[in-house]
Amino acid sequence: MEDKIIYGGDYNPDQWLDEPEILEQDLRMMKAAHINEVTLGVFAWASLEPEEGKFTLDWLEEIVNKLYANGIKTIMATPSGARPKWLSDKYPEVLRTWEDGTKAQYGGRHNHCLTSPIYREKVRIIDTKLAERFKDNPAIIAWHISNEFSGECYCPSCQKAFRGFLKKKYGTIEKLNHEWWNAFWSHQYSSFDQIDAPSNIGEKGTNGLMIDWKRYATEECDNFIDNEVNALRDAGATQPVTINMMYDFGGYDYNEQKNHIDIISWDSYPDWGFSESDIKPALEHGLCHDSMRCYKDKPFLLMESCPSGTNWQQTHRLKRNGLLPLAAIHAVGHGADSVQYFQIRAGRGSCEKFHGAIIDHTCREDTRVFKEATKTGELLLKLADVAGSQTDAKVGLIYDRQNEWAIDMSEGPRNCGEGYLEQTQKFYNALKRNAVDVDVISEPHDFSKYKILIAPMLYSVRGDVLERIRDFVKNGGTLIATYLCAMTNENDLCFLHDTPHDLTDVLGVRLDEIDGLTDEQSNKALTVDGAMGLDKSYSCNKICELITLNGAEPFMKYGEDFYAGSPAATVNHFEKGKAYYLATDLEDDFYKKFLEKVLADANVEPLVKKLPSEIDIQSRVRDGRRYIFMENFSREDKKVKLPKGAKMIIGDESEEFPNTSAKVFTVEE
């Protein structure tokens, strides 16, 4: 989108229109911090349309043009995330109905009904006015649709739309009854008109109903996004569009929503400073960075992060010196073509007045945060050539939202949490400790580019994912699957016959029973004859599957309980490829050593040798040049030997790696 890294964030001049000297000061300070972009108008509807049909856009155009004249471009937001009071008062039907049937009152945000015809009409009108005014303005580089979509409405209009969604999907009520297994508890429907959304005052024991409600909520949100995008396009706006997604948000399936926008962007607020090292939040948000990048297999925008303390977290922790530029480089390394903050200037009142900002209430340039933000801007100028480059990971890690819905809604084998994200994070952390790039992907993603495919807890499968996994291994790929694999279809309907469904020959195992352990219980997995260079034993917990070998060879066996001596981890050769199966949840140290062996066998080279703990590493490539990013998130200095021929962009060539700092360099491929 731009030939440099975008640097800026949310700016709310509508809060300061009666203080023009503040706006002049902001402009001067933004230029001093090397800011080249602002996001405008996210919550400005009341300032843009103070009364129904009365539009006041001149102030916005004046600010856009003044910013542009000073080298600052704009991502223009549509204001549908929060309505003006007049709209809710005159058209109360736009307010959301909650799960218990009560109607929302005016206030907050994200409490509008997405199916409301009048709300869609009013949104389309204001979007059209904005597009007509700014479609040809060279300052506008993209459109930001609404803000952090979330939540569901249970009003009659939404219930009707849900029934229409189900009728379109299943065709007949008999088909729906079968897929939801409604004979259980005598829950058969005789008409789609009888179906209500799942709720705490109604039905929450039918998993198919609850999963389809999530799918419907995603589709309805997609329709609302389309309504806004179409308004912009019909009015002549041609700039790309985006929505700001959120960290590990389970409400919608972002893999579906990606098809309705041009650019992926998201809001990242790690729990920096809550422990002695920041590597844990770095890896957690690294996983999400990588998933955002993989939705379109293109660079994404970091739409929001916090330049100081995040006011809505449990405590308002400050970022220690060096962490702000470190986090920015970390995001760019994972594929971000922007570093943007909420917010540029702190507001004077309301619930986010103490949220971190580049320009705080003192309006001073000598604050620690402003200096850190300025340093970040200077470093990002050095990374201009990185913009637009890609990541070419050889490892794909499946983390699928619809699969997570099915796991979370299933009763058993553990009702205190099967730990899908935790299991995925273990694999991810181990891959990063082995200094390799990884794509975090959904079930529909193309697997053919990878040498290694990891499928943690692939419990619910849809489409042709199993066929493509078979082809992946058949053609020479290495598969790692774990417990709870291929047990149900997309509606959580259990497969009959042996599981993992359609993979028993690929994996060489058959599931017999599942032992769910309490949080206090554990077992041991013992290595068979020092297989794969692993330690003698590892603790395992949460789930222990009892499996029968179907051609595979065990390299670990259980050490305790009545199933001691039975297989806990296996490997199987299938045509040109290889498939590993982990029947239990093992301790963290296992994954690092296990994957080190698997990566070497698959000829996946690390980006650097002997990467110390608490350092994260990523790379991007273009035109035969690899950009390598390393970040030391510990509070101790480390030593890293750089690859031969490294050309430094940030940092020096020595092995010394100061704490809370980054190194960025290139190597020729």
Side-chain angles (χ1 to χ4, degrees), residues 8-33 35-90 106-109 122-123 125-127 129-134 137 139-140 144 146-147 304 306-308 311-312 340-367 369-370 373:
D10 278 33
Y11 183 47
N12 302 291
D14 50 296
Q15 298 175 15
W16 304 92
L17 293 179
D18 58 346
E19 300 188 53
E21 68 279 5
I22 289 288
L23 302 180
E24 291 297 325
Q25 183 182 50
D26 289 347
L27 182 59
R28 174 177 54 79
M29 294 182 72
M30 283 190 273
K31 290 175 67 177
I35 286 172
N36 58 41
E37 174 273 345
V38 295
T39 301
L40 290 177
V42 177
F43 297 121
W45 197 339
S47 297
L48 298 169
E49 190 182 4
E51 301 174 19
E52 184 176 17
K54 178 183 177 181
F55 299 97
T56 54
L57 276 63
D58 290 348
W59 66 267
L60 182 60
E61 185 173 22
E62 180 181 346
I63 288 170
V64 167
N65 291 339
K66 181 173 284 190
L67 289 165
Y68 185 62
N70 285 272
I72 301 172
K73 295 183 179 180
T74 293
I75 294 178
M76 183 63 72
T78 65
S80 62
R83 302 160 315 286
K85 184 67 161 62
W86 62 259
L87 200 159
S88 296
D89 287 350
K90 186 171 182 180
Y106 175 79
R109 55 184 176 132
K122 293 304 177 184
V123 168
I125 290 171
I126 187 65
D127 289 357
K129 292 293 184 180
L130 287 167
E132 289 173 345
R133 179 68 70 100
F134 294 105
N137 193 312
I140 309 302
H144 177 310
S146 197
N147 184 71
E304 288 185 26
C306 186
S308 184
N311 77 305
W312 44 259
Q340 295 155 276
Y341 300 118
F342 181 85
Q343 49 195 332
I344 288 180
R345 169 175 279 279
R348 291 193 66 185
S350 201
C351 62
E352 290 186 311
K353 62 184 179 293
F354 292 133
H355 194 285
I358 295 174
I359 305 171
D360 67 13
H361 299 132
T362 69
C363 307
R364 298 180 62 90
E365 292 185 35
D366 59 356
T367 65
V369 172
F370 190 82

Please name all residues satisfying salt bridge (charged side-chain N to carboxylate O under 4.0 Å, His left out) with [X], sequence neighbours left out, ordered by chain then number.
| X | value |
| --- | --- |
| E24 | K66 |
| E352 | none |
| D89 | K85 |
| K31 | none |

Q | Pairwise salt bridge (charged side-chain N to carboxylate O under 4.0 Å, His left out) hits with a residue in residues 38-55, at least two apart | A |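 Checked against salt bridge (charged side-chain N to carboxylate O under 4.0 Å, His left out) - neighbours excluded - the pairs reaching residues 38-55 are E52-K90, E52-K122.
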Q | salt bridge (charged side-chain N to carboxylate O under 4.0 Å, His left out): pairs with one or both residues in residues 8-19, sequence neighbours excluded | A |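 Those involving residues 8-19 do not exist here.
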**Q.** Contacts of D360 that satisfy side chain to side chain contact (heavy atoms under 4.5 Å, CB included) - sequence neighbours left out
**A.**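 Partners of D360 by the side chain to side chain contact (heavy atoms under 4.5 Å, CB included) criterion, ordered by chain and then number, come out as T362, T367.
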Q | With sequence neighbours excluded, residues passing side chain to side chain contact (heavy atoms under 4.5 Å, CB included) with A46 | A |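 Side chain to side chain contact (heavy atoms under 4.5 Å, CB included) check on A46 returns P84.
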(Q) Could you walk me through whether N65 and N137 satisfy the side-chain contact (heavy atoms from CB on, under 4.5 Å) test, starting with their C-alpha distance in whole Å, then the side-chain angles of each, then the deciding distance to 0.1 Å, before giving a yes or no? (A) CA-CA 8 Å; N65 291 339; N137 193 312; 3.0 Å; yes
(Q) Does F354, at its CZ atom, have more than 12 non-hydrogen atoms belonging to other residues, nucleotides or ligands within less than 6.0 Å? (A)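 Atom CZ in F354 is not packed in, count stays at 12 or less.
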Q. For R28, does the CZ atom have more than 12 heavy-atom neighbours from other residues, nucleotides or ligands under 6.0 Å away?
A.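 More than 12 heavy atoms, drawn from other residues, nucleotides or ligands, come within 6.0 Å of this atom.
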On a heavy-atom basis, which atom in [X] and which in [Y] lie closest, and how many Å separate them?
| X | Y | value |
| --- | --- | --- |
| W59 | A44 | CH2-CB, 4.3 Å |
| V369 | P307 | CG1-O, 3.7 Å |
| F134 | I140 | O-CG1, 3.8 Å |
| K353 | H361 | O-CE1, 3.0 Å |
| A346 | A357 | N-CB, 3.4 Å |
| G41 | A77 | C-CB, 3.8 Å |

[X]: which residues meet the side chain to side chain donor-acceptor pair (under 3.5 Å) condition with it, sequence neighbours left out?
| X | answer |
| --- | --- |
| S146 | S80 |
| S88 | R83 |
| N36 | none |
| E62 | none |

To the nearest 0.5 Å, how far apart are [atom1] in [X] and [atom2] in [Y]?
| X | Y | atom1 | atom2 | value |
| --- | --- | --- | --- | --- |
| I35 | L27 | CD1 | CG | 10.5 Å |
| R109 | N147 | CZ | CG | 5.0 Å |
| L60 | S47 | CG | OG | 9.5 Å |
| L23 | E21 | CG | CD | 8.0 Å |

Are the side chains of [Y] and [X] in contact, using a 4.5 Å heavy-atom criterion?
| X | Y | answer |
| --- | --- | --- |
| L67 | L40 | yes |
| C363 | R345 | yes |
| V64 | M76 | yes |
| P13 | D26 | no |
| I359 | Q25 | no |
| L87 | Y106 | no |
| L57 | L130 | yes |
| I75 | Q340 | yes |

Q. Would you say the side-chain atoms of H355 pair up with the backbone N or O of Q343, donor to acceptor, closer than 3.5 Å?
A.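 Side chain of H355 to backbone of Q343: no pair is present.
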Q) Between Y11 and T74, does a side-chain contact (heavy atoms from CB on, under 4.5 Å) hold up when you go through it step by step? A) CA-CA 10 Å; Y11 183 47; T74 293; over 6 Å; no
Q: Report the C-alpha separation of W45 and T78 in whole Å, then their side-chain angles, then the decisive distance to 0.1 Å, and conclude whether the side-chain contact (heavy atoms from CB on, under 4.5 Å) test is met.
A: CA-CA 8 Å; W45 197 339; T78 65; over 6 Å; no
Q. Between E304 and Y341, is a side-chain contact (heavy atoms from CB on, under 4.5 Å) present by the stated rule, with each step listed?
A. CA-CA 5 Å; E304 288 185 26; Y341 300 118; over 6 Å; no
